[in-house]
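A note on names: the letters A, B, ... follow the listed sequences, proteins ahead of strands, and every chain is numbered from 1.
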Protein chains: 2
Amino acid sequence: MELKTAMTSRQDLFDTLAQVGKALGSGHRLMLLERIAQGEASVETLASTADLTVGNASAHLQHLRRAGLVTATRCGKQMLYRLTDQRIVTLMGLMREVAETNLAEMERLVSRMFPDANPDGALEAISRDELLSGLNSGDVALLDVRPEEEFEAGHLPTAINIPLGQLESMLDELPRDREIIAYCRGPYCVLSHEAVQRLRKLGYQVRRFDEGFPEWKAAGLPIH
Amino acid sequence: MELKTAMTSRQDLFDTLAQVGKALGSGHRLMLLERIAQGEASVETLASTADLTVGNASAHLQHLRRAGLVTATRCGKQMLYRLTDQRIVTLMGLMREVAETNLAEMERLVSRMFPDANPDGALEAISRDELLSGLNSGDVALLDVRPEEEFEAGHLPTAINIPLGQLESMLDELPRDREIIAYCRGPYCVLSHEAVQRLRKLGYQVRRFDEGFPEWKAAGLPIH
DNA sequence: ATTTTATTCTAATGATAATTAGAATGTTGG
DNA sequence: CCAACATTCTAATTATCATTAGAATAAAAT
C-alpha cells in the first residue's frame, strides 16, 4: 500500500481531464449525446434511440454526468437529461472532423453508410453559410425530418416538420417552386439522407443540410 | 458466435468515432499529446516527459496512432512522433474548457496546482489578444521557459529562450524597462508559473501568457 | 396504503485496457 | 557481419469497464 500525498500532481489534473475523453470514448455514449443534443430527453427515450437496455443507458448517463457533460433533473416520474454546455456539440464536431480527416476507416464507413453523399453527385449537402443566404433570399424551404418531439424541443426558424414516417402522406406541405433543404440530428443521422432520396424520386428539388439542429444552435444562430 | 453482416451500421460509425475519444481518455496519453504538440519528439523523450517506461509509452503512442491523432516517422534510430492535425490542440483546449466549467473536481485541482493563478492576484495571466497588442506596441518582451529542444522546434516571434533551470543565471538577457510575458507548453504546464514567481521575487515586472506555444500555433499565428 | 411506472443500484460475468519484463526487430556505425 | 541502440512486440498480470438481471428507490395514481 502506498501513501497518497495530499499534494495535487500534474497527473491528477490530466487524469481528471481524461474523464471527459473517457466519456466520449464509447459509441453508445456518443449516440446518447447525439440525441441529448436535440433537447432534453428521458432515460427511456434515450435508451431506445441508442438501442440499449434502460439499466445500461442509465449507467452510461451516470458516466456522462460524472464527466460533467450532462445534467439531469427530475420531472415527475421521469429523469430528464440535457447537455451542460453547448460547447460539447462543438467538441463532438471537432472529433468528427479529426476522425474523418485522419482515420481511413472512418472515411470508408461514412461513404458506405451514406453513399448518396458523394461529392460529385447532385445530392451533395449544402453548408451552413449557403443555407443562411438561401434563407435570407427566400430561395429555399426548410424541412425538419426529425420526430415531432425533437422538433418541438427546438428547430431552425421557418422549418416545417414532417417526421420521416409521414413523409409521403404530408407532401402537400412541401413547396414545388423552391428548393427544399432537409435537415435532421446531425452529420451521422440517416433521416435527412433518407428524406432526400425519397423526395427526389418524387421529383422534388431537394438537398441536405450538412449539419443538424444541434450544430446550428451551438453556433449561436436563432432557433424556434 | 454471431455472423457479422457486411452492412455498415450507425453503431460502427459511432464506435469508430469513439476511438478518438478513447485515445483522449487517459491522463498518460494527454500528457504525451501535450508534449507532442510542442513539436516532434522521440519515444524516449516522450516517455520521460510523461513519466512512463519506454515500452508503455510506445504502446500508448500506438494507441494514439490508431486513433489518427499522431503519426510517426523514422529518423535514424529514433521514431519521431508528431500531431496529425493542429485541430487536435483545439480539441484538447475545448475539453479543458468543458472540464473546467462543468467539473468541480477540475476547478479544485487547478486552483490547488496553480495557487498563484488567482484572478484577484497581480499574477493573473494575460490573454492572447492582450499579448498580441502588447507585442505590436512593443510594450512587452516574450520569454519562453521551455527546454531548448522545444524552443528550437518552434516558438513565438521575438521570444527569447531561458529554460527554467537556467533562469537565475541568465537574468542579463531580460529587460528591466518592459513587462515580461512568460509562456510555456500550455495551461497545465508549471514552467511559466514557476518562472513568474521566481522573477517576481527578483523584482521583475512579469506575467504569464494563459496559453502556450501549441495554442498560438494552432490559432494560425506566426511562429519562428 | 398500495400499485404502477421510471430510474438507479447491486452483484456477477465477460470483455478491454494498462503495465511490466523480456524477446524480437530494425537501424547505425564499426 | 557484428555490436549498440531505439523501438516494438509478446505474454502474463492486474485493473477497469460494459452488460444483464434483478432488487431497491422514488414519485404518481388509484
Nearest-nucleotide check on DNA chain D, Gly76(A) vs Gly55(A); residue mapping nearer the 5' end is Gly55(A)
How close or far is atom P of dT7(D) from atom CG of Leu52(B), stated in whole angstroms?
14 Å
Look at the side-chain N and O atoms of Thr53(B) and state whether any lies under 4.0 Å from the OP1 or OP2 oxygen of dT20(C).
yes
When the distance from CG of Leu46(B) to C1' of dA6(D) is rounded to whole Å, what number comes out?
13 Å
Could you tell me how far apart Asp51(A) (CG) and dT19(D) (C1') are, to the nearest whole angstrom?
13 Å
Just how far, in rounded Å, is P of dC9(C) from CG of Leu61(A)?
12 Å
Ignoring the backbone of Gln78(B), work out which of dT19(D), dT7(D), dA18(C) is nearest its side chain.
dT7(D)
SB check Arg10(B) Glu34(A) (cutoff 4.0 Å)
yes
Measure from CZ on Arg66(A) to P on dC17(D) and round the result to the nearest Å.
9 Å
Side chain to side chain contact (heavy atoms under 4.5 Å, CB included) between Leu46(B) and Val54(B), worked out
CA-CA 8 Å; Leu46(B) 292 167; Val54(B) 172; over 6 Å; no
Glu107(B) atom CD, over 12 foreign heavy atoms within 6.0 Å:
no
Evaluate the ring planes of His224(B) and His155(B), with Trp represented by its six-membered ring, and classify them as parallel (under 30°), tilted (30 to 60°) or perpendicular (over 60°).
perpendicular
Write down the distance between OH (Tyr81(A)) and C1' (dT7(C)), rounded to a whole number of angstrom.
8 Å
If we count only N and O atoms by modelled type, under 3.5 Å, do the side chains of Gln19(A) and Arg66(A) hold a donor and an acceptor together?
no
Could you check which of dC5(D), dT8(D), dT8(C) has an atom nearest any side-chain atom of Val54(B)?
dT8(D)
Taking only side-chain N and O atoms of His60(A), does any of them lie within less than 4.0 angstrom of OP1 or OP2 on dC17(D)?
no
Examine the side chains of Arg185(B) and Ser192(B) and answer whether a donor and an acceptor come within less than 3.5 Å of each other.
no
In whole angstrom, what separates Gln62(A)'s CD from dC9(C)'s C1'?
9 Å
Can you list, in residue-number order, the parts of residues 19-33 of chain A that come under 4.0 Å of DNA chain C, counting heavy atoms only?
none
Sidechain-backbone polar pair: Thr84(B) side chain, Asn102(A) backbone, donor-acceptor under 3.5 Å:
no
Which of these nucleotides, dT27(C), dT7(C), dA28(D), is closest to any side-chain atom of Lys77(A)?
dA28(D)
Expressed as a whole number of angstroms, how long is the span from Leu64(A):CG to dT8(C):P?
12 Å
Against the side chain of Glu44(A), the closest entry in dT8(C), dT7(D), dA6(C) is dA6(C)
Just N and O in the side chain of His63(B): are any of them under 4.0 Å from OP1 or OP2 of dA18(C)?
yes
Per atom distances to the Asn56(A) side chain, the nearest of dT8(C), dC9(D), dT19(D) is dT19(D)
